[in-house]
Structures are given as structure tokens and as C-alpha cells.
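Notes to accompany the following structure.
A note on names: the letters A, B, ... follow the listed sequences, proteins ahead of strands, and every chain is numbered from 1. No hydrogens, no waters, no symmetry mates; every other heavy atom, side chains included, goes into these values.
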Amino acid sequence: MSRYSAAEIEAKWQEAWDKAGIFHAARSEDRPKYYVLEMFPYPSGRIHMGHVRNYTMGDVIARHKLATGHNVLHPMGWDAFGMPAENAAMASGGHPRDWTYGNIDDMRAQMKPLGLSIDWSREFATCDPEYYGQQQALFLDFLEKGLVYRKNAVVNWDPVDMTVLANEQVENGRGWRSGALVERRELTQWFFRISDFAEELLEALDTLDNWPAKVRLMQENWIGKSRGLQFSFARTDGGDPIEVYTTRPDTLMGASFIGISPDHPLAKELAEQNPEVAAFRAECARGGTTEEALETAEKLGFDTGLKVRHPLDPDWELPVYVANFILMDYGTGAIFGCPAHDQRDLDFARKYGLCVKAVFEEFGSYHDDAIPDSEFAGNPVFLKDLGPGPNGGSVLKKFFRITNTAFVPPKTETVRYVNGFAGQEHQTGEHAIDAAIDFCEANGVGQGVTNYRLRDWGLSRQRYWGCPIPVVHCEACGVVPERKENLPIALPDDVSFEVPGNPLDRHPTWRDCACPACGAPAQRETDTMDTFVDSSWYFARFTAPRANTPTDMAEAAYWMNVDQYIGGIEHAILHLLYSRFFARAMHICGHLPEKCKEPFDALFTQGMVTHAIYVTRDENDRPVYHFPEDVEVHESGARLGATGEDVEVVPSAKMSKSKKNVVDPVNIIRDYGADTARWFVLSDSPPERDVEWTAAGAEAAHKHLSRVWRIATGIAGANTDEAATPEADEALLREMHKTIHEVTGGLESFGFNAAIAKLYGFTATLARSEAGQDARRRAARTLAQLMAPMTPHLAEEVWSMLGGEGLVANAPWPEADPAMLIEDTITLPVQINGKRRAEISVPRDADKSEVEKSALAVDAVARMLDGAQPRKVIVVPGRIVNVVI
RNA sequence: GCCCGAGUGGUGGAAUGGUAGACACGACGGAUUCAAAAUCCGUUGCCCUCGCGGGCGUGCCGGUUCGAGUCCGGCCUCGGGUACCA
């Protein structure tokens with residue numbers, strides 16, 4: 001072979017790994033275990049560059065851990081239930097099952113050439129009856145432990161197709177197929193009691209040290225713990241009082257109206273008597289159910305004519321509105337509006353001509369060492385902290401004064417003091433809120449309660465292609481759980497998708513069954529489970545994928561937890577929170593050990609792979625998208641290859657089929673090889689950031705790998721030491737140890753791009769080195785080892801041509817000699833007033849005064865000083881010198 | 001709307017509060033070649049300057065600091081999530 005041929009090399013080494021069986025995971029006490037997992041793919045049919053990036057990252061970790069003596073578990077499976085399979089069946093006939101398994105076969109075939117170190121013997125799809133049957137067993141256990149229940153909840157209802165729509169199927173408030181205005185409609189559905197775990201899920205976030213802070217913060221905000229006041233407003237007509245929850249009881253004296261949700265029992269009651277209320281409720285029911293749609297919709301209110309009394313002042317009457325922006329799911333479904341201190345309430349008050357009454361006002365901003373004490377005299381005050389300065393610098397704070405003193409908290413002193421005057425606390429008004437709650441409780445007006453934003457998890461889906469919920473509805477016995485020996489309750493095969501809606505609902509025989517309790521004719525539940533359920537425990541199933549119970553406790557105890565989980569940031573909240581809940585629920589039911597309550601020890605969220613979008617317009621000015629391979633890009637612009645038509649280039653968006661801005665990894669692997677694709681997706685961009693695919697980048701990666709191959713071939717074939725010097729040997733080995741150090745550090749901290757940059761540098765050093773044969777062979781073998789996690793095939797080839805023993809995949813990871821990392825002389829920059837003006841060379845262990853002396857002696861510094869003394873000299877050992885003049 | 005991120009040369013990006021632009025792409029120049037491809041060597045943030053050298057520079061406006069891409073406050077733009085996309 002005279003040049004780098006990825007095709008030959010890659011097939012050869014994949015076969016060698018297979019034969020050696022080195023990726024097969026089995027329990028063993030002789031090595032520490034390491035479980036690395038990438039979020040499993042949805043089988044759309046084609047792998048995309050995002051998959052390549054995700055699985056390559058996991059593979060780098062897995063291979064590195066294997067080389068450092070770990071017993072590695074690195075499995076792969078398929079998140080196989082979901083809407084696209086049904087959509088495909090509707091669009092082009094066929095069966096969702098055939099479509100899904102066909103896609104899995106295609107994707108597996110596309111994935112295998114990547115050379116991933118996966119234990120394929122553990123593969124499963126969530127649509128395998130063996131998997132979802134165990135999921136049904138979990139459901140029954142959850143049911144028994146009271147972790148599942150039924151209640152009403154709203155869905156998007158398409159009144160033309162008479163079906164439930166997913167949020168994705170609602171476009172601008174209309175059904176995507178029928179175009180009908182979507183309505184919100186209540187259905188009885190199954191729920192997991194995740195909100196019972198709100199506090200635990202919140203508190204445990206603090207233990208997840210190896211999760212990104214942003215993910216923990218997002219989950220914290222999602223759980224949304226708040227402390228507020230729950231109290232009631234008495235109605236002037238003598239009806240039942242209206243129960244209200246507020247997180248801002250400090251603004252109670254600014255109340256101007258009461259708002260209730262259109263789904264509030266009172267609103268329903270009024271609608272029965274008053275057609276106008278009914279009409280308003282119907283208006284509010286239009287549109288989708290997403291929080292975004294509700295929050296951004298125009299704020300609408302309806303004056304019920306009812307009045308309530310202010311709890312602190314019985315003579316003060318407030319109007320009651322039904323308002324579309326109030327959620328029945330949060331708090332009590334009723335609020336009081338304080339327009340002076342809430343933008344949404346202010347908009348509402350202006351629209352409906354309600355009064356605006358301020359409770360407090362800003363009266364100044366001060367640094368914390370400059371607050372005039374007189375400002376506090378007799379005023380209840382709280383403050384807003386504008387942030388501490390660094391290094392103990394002064395803190396700018398804004399001060400507010402309570403102006404409406406109809407209720408003055410008796411603890412004025414406390415309010416003032418705890419609010420940060422003492423310089424310890426920096427929280428906006430929190431203490432004023434606490435004081436208000438204390439005051440209200442002392443006066444018999446409601447009580448302080450803790451509330452969570454987190455809602456229970458609705459798992460019912462009115463769709464075919466999902467895990468059937470294993471219960472039966474019996475006229476006599478009610479809801480009856482299936483017997484475990486009847487599991488799996490398998491989906492029927494004979495279904496059609498010509499009529500909209502759930503085929504299970506109209507299946508002639510599947511639906512009818514005998515009641516497991518009394519044997520009378522009964523009907524199966526036709527709802528299936530949310531696909532998030534499937535992905536909430538697959539990681540545990542991988543530890544014993546063929547067990548005839550959901551998990552095998554011995555296997556789970558050995559392999560769990562997942563040591564490193566890798567996936568997209570888009571899963572930061574739902575998937576990860578549901579999995580955390582499931583792990584707890586499974587523990588309660590005896591399917592996971594206690595230590596698995598937090599199943600993912602470390603989490604890494606990767607960025608997306610993006611590509612420019614190429615657009616032309618049709619005769620109606622609608623966009624027409626084009627694949628990158630159909631477009632010629634020139635400096636002057638882009639044109640369609642076929643017609644020469646000008647193409648508009650929209651920069652960098654997430655790759656998606658509908659925009660056609662996709663690059664097929666299969667083509668890249670065919671043209672350049674898997675190692676090139678792997679090397680490219682790890683190069684340049686930090687893994688947490690989005691990366692743009694460019695053809696030039698892939699080309700460059702391939703050139704580099706060819707170069708490494710050429711250099712290694714040269715070294716393997718050389719047998720003279722023409723220009724060798726001991727100094728060259730020393731220099732090369734020093735660089736080698738530095739490279740080992742930096743690459744190892746990079747791999748252990750997801751600094752793949754930095755590790756690769758270092759490897760570029762080391763390759764150049766090796767190419768130019770005049771070191772002797774032994775040193776060069778050693779350096780090249782080490783290069784192969786360091787590259788092996790990223791480009792495993794090329795690394796094996798280089799390793800073997802240089803006489804490495806066995807497979808490089810199995811070779812112990814090289815260690816850096818600390819003595820080789822330290823230089824005797826270091827170069828320090830010298831700044832004058834913070835601007836770099838010169839450099840000095842000093843011994844590594846020079847003390848501060850020596851460094852200062854040589855810095856002041858430098859020409860540029862002496863010139864600037866002109867004989868004067870510097871005002872200050874800052875020496876940061878090993879870092880920098882700053883001379884202040 | 002709300003929550004969470006990101007923004008640095010022509011491009012992708014590097015930089016524990018300490019030399020901004022490592023490494024790579026592209027571009028330009030050179031070597032090699034009959035020629036080309038491939039390969040190798042060099043230059044390359046912007047502006048002023050023959051040069052020496054100087055000025056400006058990390059989305060925008062302020063602040064803290066001897067020193068800010070990095071910390072703080074306020075914005076802008078883009079991206080992710082927003083509970084039935086997965």
C-alpha cells in the first residue's frame with residue numbers, strides 16, 4: 001500500500017476487533033467498571049452528522065477508559081416508538097412496525113462502518129415486545145405503589161379530524177392537516193406522581209457535581225419551588241370564598257382585581273348560568289395548549305360582576321375577572337392582580353380600566369458603604385442588589401420604600417435589617433415577602449405555603465405506535481390492572497391509518513377482552529404511553545437486556561450508575577428529569593438499588609451540527625430548499641449546479657431534513673473514511689458548542705490523517721540515523737511527554753478540540769525532528785496511541801507497522817513523565833500599566849524580587865520609567881509582571 | 001412571554017482574572033515539477049509607517065480591578081427548552 005487507504009484499513013481492523021471480542025462487556029471484579037452511554041437515537045432512517053458527533057464522543061471516552069484498564073460498558077439501542085412511524089404509515093401506507101425496523105436496519109448498517117466500540121449483543125429497540133412488556137410490568141408496579149393515577153387534563157383537539165394533536169401538529173393555532181382551529185378539551189388521562197418528588201428532585205441537584213451548572217439551573221427553575229401566601233377573598237354575594245395563591249404577598253395592598261382561570265370551578269359554574277361567560281370560556285379554549293401559546297396570546301378578561309372584599313380591609317371591594325392567562329394547573333387557579341408591580345397585571349389593568357396603586361417606590365441607589373442612615377428612619381425598606389463588585393469591592397444597591405402603609409408589617413426593623421443593611425444578604429425583597437407572610441398569618445389572613453411549578457407527568461397518548469397501558473376497564477370492577485403473566489400486552493398487527501385517530505380505539509378484537517378480576521366482558525385501555533417513558537429507563541435495561549424482569553439487580557448493582565452520559569442540550573429538562581424520577585420509582589419497586597436514585601453520575605451536553613441552508617423561491621415566492629451537493633458555492637455567491645440559478649444562503653442552522661441542509665455521513669465515510677469523519681467532528685469546535693459542517697473541513701482532516709500515515713510509513717521504513725543528535729532525541733521526547741499530558745487532560749475533560757490541536761502540533765514536531773530511529777519510532781507509536789480513541793483504525797495500522805504489540809485498542813495508555821514537563825527557564829511578559837511592552841527570560845524558580853529586578857532592567861521599561869520609581873510592581877510568579885507608572 | 005445558553009481575524013476556533021488570536025481552513029509568496037495534482041517552506045487581526053515603531057481591537061453601553069474575552073449591571077442578536085417532536 002503506497003498511500004493512506006481508509007477503505008482497506010478500516011474494514012481490516014473492524015474485523016480484528018470483532019474477532020478479539022474486546023468490546024463485549026461482562027461483569028468482572030478484576031477491573032473497575034465504566035458505563036458510558038450516549039442518548040440513544042430515534043430510528044428516522046438515516047444517521048446524520050449529529051449522531052456521528054454524539055457517538056464519536058462517547059466512543060473516545062469508551063476507548064480511553066478501556067486503555068486505562070476499565071471494564072467498559074458501551075451499548076446501543078433504539079428509541080423506536082413515536083409519531084413519525086405513524087405519519088409515514090399515513091403518508092405512504094405500510095405499517096409503522098415495518099417502517100421502524102427497516103429504519104433500524106438501515107441506520108445500524110450506516111453506523112457500523114464508524115468503528116464504534118459498542119457491545120452490539122446488548123442492542124434492543126423500545127418497540128420490541130420484550131422491552132415494552134417489561135415496561136408494562138414497571139407500570140403495574142408503579143400502580144400498586146400509588147405512583148400512577150388518573151385525572152382530567154387538557155389536550156389539543158382537532159374538531160374536524162376528531163383527533164388529539166401533539167403540540168408539534170398545531171401550527172398557528174390550527175391543525176396541521178385539517179387546518180381547523182384547535183380547541184382545548186379535557187380527557188381523563190394517566191399521570192405519574194412526579195410532583196410528589198419535587199423537593200427530592202430539587203435537593204438532589206446539589207449532589208450532581210459532574211452535571212453542567214446550566215442543566216441543574218434549568219431543572220431548578222423548572223421545578224420552580226416558591227414560598228407564598230395562600231388565602232381567600234370573601235365574596236360580597238355570600239358565595240364560596242375565592243382561594244388565591246401569591247408569591248408576592250408584599251404587594252397585597254396594591255391589589256386591584258381578582259383573576260380566575262377559565263377552567264376554574266367558579267368560571268364553569270358561572271358559565272352554566274350566563275351564556276356570555278360560556279362564550280368567553282369557549283373563546284379562551286381556542287388555540288394550543290403550550291405554555292408559549294398561552295403566555296404570548298393576547299391577554300383577555302371578562303368581568304363577572306362579582307365582587308370580593310380585601311382581606312385586610314373589609315370596606316375595600318375588588319372585581320372578579322375570568323382571565324385567559326391564568327393556569328388552573330398552578331397554585332389555586334386564581335390570583336390577585338397588582339398592576340403597579342407586575343407588567344402583565346399592568347397591561348391587563350390598562351385594558352380594562354382598573355386602578356393602579358403602588359405599594360413601594362424606589363428612592364435611591366447607594367454603594368453599601370455610603371447609605372445615609374437617615375434614609376431608614378421609620379421606613380420599611382427593602383432593596384434590590386445590583387451585584388457585588390469583585391474582590392470585596394463596594395456593592396451598588398437600589399432601595400425601595402413601602403409607601404402604602406395601610407398595612408405596615410409590625411416587624412419593620414426586621415425588614416430593614418435583614419434586607420442587607422448588615423451587608424450579609426443580597427436578595428431582592430425576599431425578606432419583605434417573608435415579613436408580609438408573617439404579618440398575614442399573625443392576623444389570621446391565610447398561611448404561608450410552599451408551591452412547586454412542576455406538574456405531574458401525563459403519560460397517556462391517544463396513539464397506536466407506543467407501549468399499551470396494561471389496564472382493563474370493566475363495568476363492574478372499574479379500572480383493573482392486567483395480570484403480569486399476560487404481559488406483554490402486544491400491539492395488534494392488523495391496523496390501518498386511513499381514518500384519523502387511534503386505530504386501537506376501533507380495533508374489533510384487540511380492544512375487547514375479559515376482565516382480569518371478574519372475567520366479565522371488558523375493554524382494554526387504548527391509550528399508549530408517552531415515548532418519554534420508554535427513554536426513562538433504557539439505561540437500566542442495558543445492564544441486563546434479556547432479563548425476564550425489568551432489571552437484574554445483580555447486573556444493575558454492578559454496572560449502574562452511568563458513569564458518563566452524553567447527549568443534546570435539548571434534553572436538559574424533560575428526558576433527564578423524567579429519568580431521575582423513574583430511577584427513584586424503580587428503586588421503590590425494587591428494580592434498582594438505592595445508589596441508582598441519581599442514575600447519571602456525569603452528564604455532558606453536546607452542541608448541534610449545523611449547515612448553511614440553500615434557498616430559491618418558487619413562482620409564489622415560497623421557499624424551495626436544496627441539498628448542499630446540488631449547490632455550487634463561489635466567492636461571488638451560490639448557484640444551483642443544474643440550472644445556474646442564484647441561490648440565497650442562510651447561514652448555519654440545525655441540520656434538518658425539511659430544510660435539506662443535511663450532509664450524509666455515509667457519503668463522507670465513502671469518500672474519506674470513518675476516521676476522517678470522526679477526526680473532523682471532534683476538531684475545531686468545543687464539543688458543547690454547535691459545529692458547522694464544511695466540506696473544506698473534512699478535506700483538511702483527511703489530509704492530516706494522510707500525513708500521519710506518510711510520516712509513520714517513513715519512520716517504519718527508515719534504517720539510518722543520518723542527522724540524529726542527542727539534543728534532538730531529548731527535544732522530541734520532551735514534546736512527546738507534554739503531548740501525552742495535554743491530550744490525556746483533554747480527553748478527560750471533553751477538551752477534544754484542544755487535544756486534537758496538540759496532536760497537530762506534535763505531528764509537525766515529529767515530521768521535522770532530527771532525532772534518532774529509536775526516539776522517532778517511540779514518538780510515532782505514542783502518537784498512534786494518543787490518536788487511537790479518535791481515529792482507531794489509522795492508529796491500529798500505524799501501531800502495527802511500527803511493531804506495537806497486539807491491538808493498540810488494548811494497549812495501556814501512555815503516561816507522562818512529570819520531570820519531562822518542566823522547563824528550567826521560562827519567559828514572562830512584562831506589562832507597563834497593563835499593556836505588554838517586553839519579555840524577560842528568568843529561571844523557573846526565581847523569586848519575586850529577582851523577577852522584579854530583571855523586569856525593571858529591561859530597555860523598554862527603563863525608557864518609560866526615565867529614572868523615576870514605579871508606583872507599584874505586580875509580580876505573579878510564573879505568569880506576568882505589571883509595572884505601574 | 002418565561003427559563004437557560006452563545007456572540008473573539010476572511011472562516012472554525014484557543015486563552016486557571018495575567019502576552020488576545022494556539023491549532024486548523026482559506027488567501028498570498030516560494031521550493032519541487034516539462035506541466036499539474038500531491039507534498040514541503042514561509043507570510044497572514046485591522047489601521048498608520050519605507051522602516052524602527054505606534055494606535056485600535058473579543059456583539060453594544062457602563063462598572064469593578066495593577067490588569068477584563070473572562071467578573072458585575074443594563075441592552076442587542078442568534079440558538080435551545082417551554083410539559084403531546086424526540
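- A straight line from CG of L576(A) to P of rG81(B) spans 13 Å, rounded to a whole angstrom.
- Distance, L574(A) CG to rG80(B) C1': 12 Å, rounded to whole Å.
- Among the heavy atoms of the strands lying under 4.0 Å from V164(A) is at least one base atom, whether or not backbone atoms are also near.
- Rounded to whole angstrom, the span from the CD atom of E688(A) across to the P atom of rC4(B) amounts to 19 Å.
- A donor-acceptor contact shorter than 3.5 Å links the side chain of N156(A) to the backbone of T289(A).
- Regarding R707(A), its CZ atom lies at a distance of 12 Å from the C1' atom of rC23(B), rounded to whole Å.
- Under 4.0 angstrom from either OP1 or OP2 of rU82(B) there lies no side-chain N or O belonging to N167(A).
- In terms of polar N and O atoms assigned as donor or acceptor, the side chain of N882(A) comes within less than 3.5 Å of the base of rC66(B) in a complementary pairing.
- Distances shorter than 4.0 Å separate none of the side-chain N or O atoms of S683(A) from OP1 or OP2 on rA24(B).
- Judged by Watson-Crick or G-U wobble contacts below 3.5 Å, the nucleotide rG51(B) has no partner.
- Using N1 to N3 plus N6-O4 or O6-N4 for Watson-Crick, or N1-O2 and O6-N3 for G-U wobble, each under 3.5 Å, rU58(B) pairs with nothing.
- Residue contacts shown for N753(A) are limited to sugar-phosphate atoms, with no base heavy atom under 4.0 Å away.
- Evaluation of atom-type donor-acceptor distances gives a pair under 3.5 Å for the side chain of R463(A) against the base of rC84(B).
- Applying the Watson-Crick and G-U wobble criteria (two distances, each under 3.5 Å), rC23(B) pairs with rG12(B).
- R455(A) and D329(A) are joined by a salt bridge, as a carboxylate oxygen and a charged side-chain nitrogen come within less than 4.0 angstrom of each other.
- F581(A) and W457(A) have perpendicular rings, their planes meeting at more than 60° on a 0 to 90° scale where under 30° would count as parallel.
- Following rounding to the nearest Å, Y330(A) (OH) and rC3(B) (P) show an atom-to-atom distance of 13 Å.
- Using a 4.0 Å heavy-atom cutoff across all strands shown, G458(A) reaches sugar-phosphate atoms only and no base atom.
- Take the nearest nucleotide of RNA chain B for S706(A) and for L459(A): the residue whose nucleotide is more 5' is S706(A).
- The nucleotide rC34(B) finds no pairing partner, because no Watson-Crick or G-U wobble arrangement with both distances shorter than 3.5 Å includes it.
- Geometrically, K151(A) engages F191(A) in a cation-pi contact, judged by NZ or CZ lying under 6.0 Å from the ring centre and within 45° of the ring axis.
- The base of rG13(B) lies outside donor-acceptor range of the side chain of D684(A), with no N or O pair under 3.5 Å.
- In this structure, rA6(B) forms a base pair with rU77(B), meeting either the Watson-Crick or the G-U wobble geometry with both donor-acceptor distances under 3.5 Å.
- Residue-to-nucleotide contacts include no donor-acceptor pair under 3.5 Å from the side chain of Q169(A) to the base of rC84(B).
- Atom CH2 of W679(A) and atom C1' of rC25(B) are 15 Å apart (whole Å).
- Under the 4.0 Å criterion applied to side-chain N and carboxylate O atoms, K214(A) and E688(A) are not assigned as salt-bridge partners.
- Using the Watson-Crick or G-U wobble rule with both distances under 3.5 Å, rC28(B) pairs with rG42(B).
- Atom CG of L327(A) is separated from atom C1' of rA83(B) by 12 Å (rounded to the nearest Å).
- The base of rC84(B) sits with one of its N or O atoms less than 3.5 Å from a complementary donor or acceptor on the side chain of Q189(A).
- Note on W457(A): nothing from the nucleic acid sits closer than 4.0 angstrom, heavy atoms only.
- Ion pairing between E171(A) and R177(A) fails under the 4.0 Å rule for side-chain N and carboxylate O.
- For rC40(B), the OP1/OP2 oxygens have no side-chain nitrogen or oxygen of R768(A) closer than 4.0 Å.
- Across all strands, V884(A) comes closer than 4.0 Å only to sugar-phosphate atoms, never to a base (heavy-atom distances).
- Taking syn as a glycosidic angle within 90° of 0, rG9(B) qualifies as syn.
- When heavy atoms are screened at a 4.0 angstrom cut-off, H575(A) is found touching no nucleic acid atom at all.
- Taking OG1 of T526(A) as the start and CD1 of I469(A) as the end, the distance is 9.0 Å to the nearest 0.5 Å.
- Under the Watson-Crick or G-U wobble criterion, with both distances below 3.5 Å, rC66(B) is paired with rG18(B).
- At a threshold of 4.0 angstrom between heavy atoms, the contacts of L454(A) include nucleobase atoms, whether or not backbone atoms are also involved.
- Evaluation of atom-type donor-acceptor distances gives no pair under 3.5 Å for the side chain of E292(A) against the base of rG81(B).
- An OP1 or OP2 oxygen of rG12(B) is reached within less than 4.0 angstrom by no side-chain nitrogen or oxygen of S685(A).
- As judged by a 4.0 angstrom heavy-atom cut-off over every strand, F532(A) is placed among the base-contacting residues.
- Judged by distance alone, with hydrogens and angles left aside, R879(A) brings a side-chain donor or acceptor within reach of the base of rU16(B), the pair sitting under 3.5 Å.
- Look at NZ on K758(A): it is 13 Å from C1' on rA14(B), rounded to the nearest Å.
- Among the heavy atoms of the strands, none lies under 4.0 Å from V883(A).
- Between the side chains of D456(A) and S195(A), at least one donor-acceptor pair of N or O atoms lies under 3.5 Å.
- Nucleic acid contact class of R710(A) (heavy atoms, under 4.0 Å, all strands): sugar-phosphate only.
- Among the protein residues, S460(A) comes within range of the nucleic acid bases, having at least one heavy atom under 4.0 Å from a base atom.
- Backbone-only engagement by P686(A) is indicated by non-hydrogen atom pairs under 4.0 Å involving sugar-phosphate atoms exclusively.
- Among the protein residues, T296(A) comes within range of the nucleic acid bases, having at least one heavy atom under 4.0 Å from a base atom.
- Side-chain nitrogen and oxygen atoms of R455(A) include none within less than 4.0 Å of the OP1 or OP2 phosphate oxygen of rA83(B).
- K299(A) contributes a side-chain N or O that, together with a main-chain N or O of A297(A), makes up a donor-acceptor pair within less than 3.5 Å.
- Heavy atoms of I874(A) sit under 4.0 angstrom from at least one base atom.
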